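Notes follow once the structure below has been shown.
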Amino acid sequence: MTQPPTRITLASDRYERLAQIRDCFPQASGPDLSPAWQGGRASALARLSAVDAEDYARSRNQLTGAATGLSPYLRHGCLSLQETMADVQARFGKHSHKLAAELSYRDYFRQVWYRFGEAIMQPMESPKVGLGDKPMPDFIAQGFTGLVCMDEIVRQLQQHGYVHNHARMWFAAYVVHWLKVDWRQAADWFETQLLDGDTASNHLSWQWISSSFSSKPYIFNKENLTKFGGESWCQQCRVSCPFEGSYEQLYQQLFTEAVVAPPPAHHIKPPPPTPKGVASLVWIHDEMLSPTHALCAFNLPAVFIFDPALYQHWPLKRLQFMADCLAEMPGVDIWLGQTNQVLARLAQGRIITQNTPQQALKQAAAGLDIEWRTEPVLTETPLSDHQLMRFSRYWKAVEPSLTRGLCTN
Ligand SMILES: Cc1cc2nc3c(=O)[nH]c(=O)nc-3n(C[C@H](O)[C@H](O)[C@H](O)COP(=O)(O)OP(=O)(O)OC[C@H]3O[C@@H](n4cnc5c(N)ncnc54)[C@H](O)[C@@H]3O)c2cc1C
């Protein structure tokens, strides 16, 4: 039976707050949020000011390189992509180019999600090689693959909810191409472990690795792993390395002939119904967690809902991360309960919120009078379906406007 909604007053003391969230979500898995990943805009701004775009361009592929660690903050709206881009471009001029391209990756995946909706959860194209359909084995989640590199990636994932991009790529390739797991199952599991879990960035990356959203599968070898990850994992490893060999040898070993399946249908969502009533409430959802969000400036009550139906699969640390963000938003009422019930109880008319491609959020508020305000965009450049099927095409189209004026700095 579902519990009646309750209002929560978040403790200002962080340790009490973490405990509060533990009590609200007794089933949530994993350890507490580590202090290094404190949520909120203040932490996001501190990370942003520490970004060195030149160092980033030189070292981002190294596990010890200057990755920004901004993804959980961008995912939850503590920082917008636009302000992040503007900040690094103002500080680093043309040297921000590499980081600007990577930041745009997030926008790219989001635009694909808006355009194709839930179709991104299925193959976007026929895979270019035969893929496996095995379920996600328990030994992965338990961190017992026997390979020190993969077990360490899983340990970091479960401990912090953050893993470097290169490690995500190695792990996904191992799971999909070596273990022959169905990428959809693997992607679902992976997303539930992340602090920055984002359906578009995650599922489309898994598809890119698999080859159903790219022209070839992504694989790696031991040389690549040690070049960018260092020697220490391999030095501790006691099993025969499945990644040993040239790319040609591994390709031969891993792949059978290409499977030609019919391309999937792409569904475009119909526009939401036009809202009718007088605006009465701002609904702050999980992509809007900043006191500087434009909708927080409205002279209306604002509410955030910890809805167990939406968040029961999220790790404890991510719920605590959101609580940190909300602690910096004193004007927002926080509730624990079903989204639909809470909104219906508080709204005296139309509810305003930021649009999202997350169907789960839309379904949670189905039937209510909601105005989904368009979220600010990174680029106004119009993009065709064809351009959205590859990042290289997207980047070719948007790069001139996004990097205009940087050459002279
Ligand atoms: C299998 C797999 C799953 C992934 N799942 C997610 C996910 O759920 N959420 C998520 O935000 N990212 C995901 N990514 C993309 C990328 O790994 C992370 O955004 C990045 O590692 C976050 O670390 P950072 O902030 O230090 O990145 P940086 O390298 O410092 O990049 C700065 C920002 O640019 C954006 N960005 C950079 N690279 C990418 C990329 N390849 N795709 C999308 N955005 C990018 C992110 O917003 C990131 O915070 C996934 C990648 C792979 C291979």
Side-chain angles (χ1 to χ4, degrees), residues 36-37 43-44 47-48 50-53 55-85 87-88 92 96-113 120-121 140 150 153-154 156-157 160-177 181 183-210 212-214 217-220 228 286-287 313-315 318 321 358 378 390-392 394-395 402:
W37 290 102
S43 302
R47 273 189 189 265
L48 180 58
V51 167
D52 180 338
D55 196 11
Y56 180 87
R58 273 192 302 272
S59 68
R60 67 172 284 275
N61 283 329
Q62 299 286 341
L63 291 199
T64 52
T68 64
L70 285 175
S71 53
Y73 302 92
L74 290 165
R75 159 60 182 86
H76 295 96
C78 308
L79 278 178
S80 71
L81 211 44
Q82 296 76 354
E83 66 179 328
T84 307
M85 187 75 95
D87 178 273
V88 296
F92 298 97
S96 64
H97 193 268
K98 184 66 195 159
L99 182 51
E102 296 303 322
L103 286 166
S104 302
Y105 241 112
R106 178 172 167 76
D107 177 67
Y108 166 66
F109 284 144
R110 197 158 177 83
Q111 291 214 35
V112 176
W113 196 10
I120 69 165
M121 311 294 279
I140 294 191
M150 293 303 144
I153 291 171
V154 172
Q156 285 176 16
L157 181 67
H160 301 290
Y162 174 87
V163 178
H164 188 281
N165 180 59
H166 219 144
R168 295 184 202 213
M169 289 163 59
W170 294 328
F171 177 74
Y174 166 65
V175 171
V176 171
H177 298 313
V181 172
W183 69 264
R184 292 166 291 200
Q185 284 209 27
D188 287 347
W189 176 79
F190 198 68
E191 192 180 337
T192 63
Q193 307 298 310
L194 290 166
L195 216 47
D196 63 21
D198 175 271
T199 301
S201 293
N202 182 57
H203 282 71
L204 292 168
S205 294
W206 281 86
Q207 297 218 38
W208 181 85
I209 301 276
S210 304
S212 59
F213 193 47
S214 55
Y218 168 81
I219 59 167
F220 67 98
F228 295 104
D286 61 51
E287 295 174 352
H313 303 301
W314 287 16
R318 187 164 177 189
F321 181 94
Q358 284 193 65
L378 187 65
R390 290 289 182 273
F391 178 76
S392 54
Y394 158 95
W395 184 238
L402 280 184

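Every value quoted in this text rests on a predicted model; they were computed, and no experiment measured them. One-based numbering, in listed order, for ligands and for the atoms of each.
Counting atoms of ligand 1 from 1 in the listed order, those under 4.0 Å from a heavy atom of Met169 are 53 (C). The ligand atoms of ligand 1 that sit less than 4.0 angstrom from a heavy atom of Trp206 are 1 (C). Taking every heavy atom of Gly197 and a limit of under 4.0 angstrom, the matching atoms of ligand 1 come to 8 (O). Near Leu194, meaning under 4.0 Å from one of its heavy atoms, ligand 1 places the atoms 5 (N), 7 (C), 8 (O).
Polar contact with ligand 1: absent for Ala67 (N/O pair, distance under 3.5 Å). Taking any N or O of Ser205, backbone or side chain, none lies under 3.5 Å from an N or O belonging to ligand 1. Below 3.5 Å of separation, one finds an N or O of Asp198 facing an N or O of ligand 1. Polar contact with ligand 1: present for Tyr56 (N/O pair, distance under 3.5 Å). Considering backbone and side-chain N/O of Thr68, one or more are found under 3.5 Å from N/O of ligand 1.
Nearest protein neighbour of atom 41 (N) of ligand 1, counting heavy atoms only, is Asn165 OD1, 3.9 Å. Of the protein's non-hydrogen atoms, the one nearest atom 33 (C) of ligand 1 is Leu103 CD2, 3.6 Å. Remark: minimum distance from atom 34 (O) of ligand 1 to any protein heavy atom is reached at Glu102 O, 3.4 Å. Taking atom 9 (N) of ligand 1 as the reference point, the nearest protein heavy-atom neighbour is Asp196 O, 2.9 Å.
Using bins of under 30°, 30° to 60° and over 60° for the plane-to-plane angle, the ring pair Tyr105/Phe109 lands in the tilted bin. Using a 30° and 60° split on the angle between ring planes, Phe190 and Trp206 fall in the perpendicular class, above 60°. Using bins of under 30°, 30° to 60° and over 60° for the plane-to-plane angle, the ring pair Tyr108/Phe213 lands in the parallel bin.
Looking at Arg106 and Asp196, no side-chain N of the basic residue comes within less than 4.0 Å of a carboxylate O on the acidic one, giving no salt bridge.
For the pair Trp208 and ligand 1, no heavy-atom separation below 4.0 Å is found.
Side chain of His160 to backbone of Gln156: no donor-acceptor contact under 3.5 angstrom is found. Checked by atom type and distance alone, the side chain of Ser210 never pairs as donor or acceptor with a backbone atom of Ser212 at under 3.5 Å. In this structure, Arg184 contributes its side chain and Met121 its backbone to no donor-acceptor pair below 3.5 Å.
Glu191 meets the side-chain contact (heavy atoms from CB on, under 4.5 Å) test with Thr199, Asn202, His203; sequence neighbours excluded.
Under the 6.0 Å cut-off for aromatic ring centres, Tyr394 and Phe391 qualify, their centroids lying closer than that.
Here the straight-line distance linking atom CG of Leu79 with atom CG of Leu103 works out to 10.0 Å at 0.5 Å rounding. Distance CG/Leu74 to CZ/Arg110: 11.0 Å, rounded to 0.5 Å.
Comparing heavy-atom distances from atom 12 (N) of ligand 1 across Ala100, Ser201, Ala66, Ala173 singles out Ser201 as nearest. Proximity annotation for atom 19 (O) of ligand 1: of Gly161, Ser71, Ala53, Ala200, Ser71 comes nearest, heavy atoms only. When Tyr162, Phe109, Tyr105 are ranked by how near their heavy atoms come to atom 24 (P) of ligand 1, first place goes to Tyr162. Nearest-heavy-atom check against atom 47 (O) of ligand 1 across Ile209, Leu204, Leu74 picks out Leu74. Nearest-residue assignment for atom 13 (C) of ligand 1 (options Arg106, Glu191, Arg168; heavy-atom criterion): Arg168. Comparing Leu70, Val175, Asn202 by heavy-atom distance to atom 5 (N) of ligand 1, the nearest is Asn202.
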Contacts table for residues 59-66: side-chain donor-acceptor under 3.5 angstrom, sequence neighbours left out:
| residue | atom | partner | partner atom | Å |
| --- | --- | --- | --- | --- |
| Ser59 | OG | Asp55 | O | 2.8 |
| Ser59 | OG | Ala66 | N | 2.9 |
| Arg60 | NE | Tyr56 | OH | 3.1 |
| Arg60 | NH2 | Glu102 | OE1 | 3.2 |

